[in-house]
Amino acid sequence: MKKAMIIGAAGFVGNYLMEYLQKECNMEVYVTKLLREEISNSNVKEYNLDILDKEAIVSLLFEIRPDYIFHLAAQSSVGLAWKNPCLTIDVNIKGSVNVMDAVRELYYKPRVILIGSGEEYGHINEGESPIKEENMIRPGNIYAATKVCQNMIGNIYAQAYDMELMMVRAFNHIGPTQAPIFVVADFCKQVAEIEKGIREPVMYVGNLEAKRDFTDVRDVVRAYAMLIEKGKSGETYNVGSGHAVSIREILELIISLSHQNIKVEIDPNKLRPVDVPIIEADTTKLRKLTGWEPEITLEQTIKETLNYWRER
Ligand code: A2R
């Protein structure tokens, strides 16, 4: 039985990934979380780990000796990165280098995936979309810049130390349990609260014209599981649906699923200092290597996310 370790597993993706690895891949799953976090899955072995503590990563890796490592730990919010750039830089760059460096100290070569972001591409010129992995990188926000850095250093580690290290650029992923600091969860939560009568029938929104590539989180973790087995060291793979939709379309879809009469208002706090107009993935590289295709439609994931918030 292969041993998989998920670093930063208490977040949105980690919970889905641990379940998938256990149930569908028959792996023994070890997960790490921050001291203050909780993991609801009782079938995994859990450890507290702050990736800013490199020695702690080293001892844990020596103790568990995982075959596969999924590095998910991050400050993952673009909005929060504007508010707290130093924390984001510490966790996403220093923390990730700690993980790579700890893996380098092992006497064997586990296969590692570093999770980056479609945000890394930043400003995309006309004709560049859907965007390929080798496209020019022009990060447009602090979060994206930290993930570019992780990707570049990952590539250097893979080559310089002959490590089995793959990089992913995950485009927006959505689904039930996502924190409402992300747009789809935020909109669904607002609609659910309006339906419950605990909020006036007004939706507060940010930039509605931005187009993003949304994939259900369950499709995303399936791609990660395929890549950890088949990915080539030092390579970067886009993971996304390959189809961008505007935030306005998402908003309209969510509102159409409700019987309430809902007004829409711009909340200046939800507008970002710089926003990239369109981000859409070309996933040919991933699909050719693994045969992966997204299976869950946007309508389905949005319905399930809205129902999740209705039941809370
Ligand atoms: O920020 P928190 O309290 O939600 O904790 C996050 C955790 N984390 C850390 N873990 C270890 N050491 C740290 N110094 C540290 N700082 C934060 O990593 C959270 O539990 C986890 C990341 O999960 P989420 O923020 O929910 O991200 P998600 O959506 O699961 O995305 C996974 C990866 C991230 O690397 C994203 O940047 C990428 O996929 O898109």
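Just so you know, ligand 1 is whichever comes first in the structure, and atom 1 is the first atom listed for that ligand.
Each of T283, D282, L286, N238 was evaluated against E133; a single residue qualifies, N238, per the side-chain contact (heavy atoms from CB on, under 4.5 Å) test.
Distances from atom 8 (N) of ligand 1 to the heavy atoms of G175, A74, G8, S77 show the closest one on A74. Nearest to atom 34 (C) of ligand 1 by heavy-atom distance, out of N48, L72, I51, L34, is L72.
Within the 4.0 Å heavy-atom criterion, the part of V91 lying near ligand 1 is the side chain and not the backbone. Contact annotation for R36 and ligand 1: only side-chain heavy atoms (C-beta onward) come within less than 4.0 Å of the ligand. Contacts between A170 and ligand 1, counted as non-hydrogen atom pairs separated by less than 4.0 Å, are absent for every part of the residue. When heavy-atom distances to ligand 1 are checked against a 4.0 Å cut-off, T32 has no atom that comes that close, whether in backbone or side chain.
The shortest separation from a heavy atom of F182 to ligand 1 is not under 4.0 Å, leaving the residue out of contact. Judged by the shortest distance from any of its heavy atoms, N92 lies outside the 4.0 Å radius around the atoms of ligand 1. A heavy-atom separation below 4.0 Å is not found between Q178 and ligand 1. Residue contacts with ligand 1 do not include K33, since none of its heavy atoms lies under 4.0 Å from the ligand. Look at K147 and you'll find a heavy atom under 4.0 Å from some atom of ligand 1.
In terms of heavy atoms, M166 sits closest to K232 at CG-O, 3.5 Å.
Near I115, meaning under 4.0 Å from one of its heavy atoms, ligand 1 places the atoms 33 (C), 35 (O), 38 (C), 39 (O).
Using cut-offs of 30° and 60° for the angle between ring planes, the H173 and Y224 rings count as perpendicular.
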Which donor-acceptor pairs under 3.5 Å do side chains of residues 36-43 form with protein atoms, sequence neighbours excluded?
| residue | atom | partner | partner atom | Å |
| --- | --- | --- | --- | --- |
| E37 | OE1 | L34 | N | 2.9 |
| N41 | OD1 | N43 | N | 2.8 |
| N41 | ND2 | Q22 | OE1 | 3.4 |

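In terms of protein heavy atoms, atom 36 (C) of ligand 1 is closest to Y143 OH, 3.5 Å.
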